[in-house]
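These notes concern the structure reproduced below.
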Amino acid sequence: MSSKREIVDAQQAPAAVGPYSHAVSAGGLLFCSGQIPLDANSGELVGATPAVQARRCLENLQAVCGAAGTSLQRAVRLTIYTTDLGAFAEINDVYATFFDSEPPARAAVGVAALPKGALVEIDAIVAL
């Protein structure tokens with residue numbers, strides 16, 4: 001396995017809200033930082049429901065994957081963080097529209113709070 005490590009800066013994704021990269025590619029994988037539901041142009045939070053926010057998180061991850069020359073469809077694992085596990089069914093409904101067949105492995109974590117007051121954050125590991 002190559003030890004080469006490359007930073008990915010995705011111009012179509014929202015700017016990072018801290019000292020981290022959108023993603024790092026290494027060893028044939030893309031390790032995507034968590035995406036919260038921010039608009040790429042304004043940097044403002046999008047959506048008032050977990051479902052709408054989950055959709056924007058996944059769209060932002062698609063933009064990060066595209067900047068690295070891969071696709072979210074090649075994801076091997078995602079982690080969903082939410083402040084409302086009671087809304088998990090609606091998050092699942094949105095998630096299913098992105099992965100209609102052979103979905104990646106996944107974990108879901110209930111958290112007390114997320115950056116900027118988001119209800120959902122999603123990170124991913126994607127095959128290059």
Grab the two heavy atoms, one from [X] and one from [Y], that are nearest each other, plus how far apart they are.
{"X": "Ala118", "Y": "Leu45", "value": "CB-CD1, 3.9 Å"}
{"X": "Val8", "Y": "Ala68", "value": "CG2-CB, 3.9 Å"}
{"X": "Ala124", "Y": "Val126", "value": "CB-CG2, 4.0 Å"}
{"X": "Ala40", "Y": "Ala13", "value": "CB-C, 3.9 Å"}
{"X": "Leu38", "Y": "Gly43", "value": "CD2-O, 3.5 Å"}
{"X": "Glu121", "Y": "Gly34", "value": "OE2-CA, 3.3 Å"}

Interatomic spacing from [atom1] in [X] to [atom2] in [Y] - rounded to 0.5 Å:
{"X": "Leu128", "Y": "Cys65", "atom1": "CG", "atom2": "SG", "value": "9.0 Å"}
{"X": "Arg5", "Y": "Phe31", "atom1": "CZ", "atom2": "CZ", "value": "11.0 Å"}
{"X": "Leu58", "Y": "Thr97", "atom1": "CG", "atom2": "OG1", "value": "7.5 Å"}

For the residue pair [X] and [Y], establish whether any side-chain heavy-atom pair is separated by less than 4.5 Å.
{"X": "Ile122", "Y": "Gln35", "result": "no"}
{"X": "Tyr81", "Y": "Val120", "result": "no"}
{"X": "Ile125", "Y": "Cys32", "result": "no"}
{"X": "Ile91", "Y": "Asp84", "result": "no"}

For this session: For Glu90, check salt bridge (Lys or Arg N to Asp or Glu O under 4.0 Å) against everything at least two apart and list the hits.
Result: none

Exercise. Quick one: salt bridge (Lys or Arg N to Asp or Glu O under 4.0 Å) partners of Asp93, sequence neighbours excluded?
Worked result: none

Does [X] use its side chain to pair, donor to acceptor, with the backbone of [Y] at less than 3.5 Å?
{"X": "Thr70", "Y": "Ala127", "answer": "yes"}
{"X": "His22", "Y": "Ala10", "answer": "yes"}
{"X": "Thr82", "Y": "Leu119", "answer": "yes"}
{"X": "Ser33", "Y": "Ser21", "answer": "yes"}

Are [Y] and [X] linked, directly or through intermediate hydrophobic residues, by side-chain heavy-atom contacts shorter than 4.5 Å (ILVMFWY only)?
{"X": "Leu85", "Y": "Ile80", "answer": "yes"}
{"X": "Val109", "Y": "Leu114", "answer": "yes"}
{"X": "Tyr20", "Y": "Ile36", "answer": "yes"}

For this session: Go through the steps for Arg106 and Asn92 under the test side-chain hydrogen bond (donor to acceptor under 3.5 Å, both in side chains), then give the verdict.
Result: CA-CA 11 Å; Arg106 185 182 79 185; Asn92 267 340; 2.8 Å; yes

Exercise. Where do Gln11 and Asp9 land on the side-chain hydrogen bond (donor to acceptor under 3.5 Å, both in side chains) test, with the steps shown first?
Worked result: CA-CA 6 Å; Gln11 298 298 314; Asp9 181 30; 2.7 Å; yes

Problem set entry | Sole candidate of Leu72, Leu61, Leu78 that passes side-chain contact (heavy atoms from CB on, under 4.5 Å) when paired with Phe98 | Leu72

Exercise. Taking 4.0 angstrom as the limit, do Arg56 and Asp39 come out as a salt bridge?
Worked result: yes

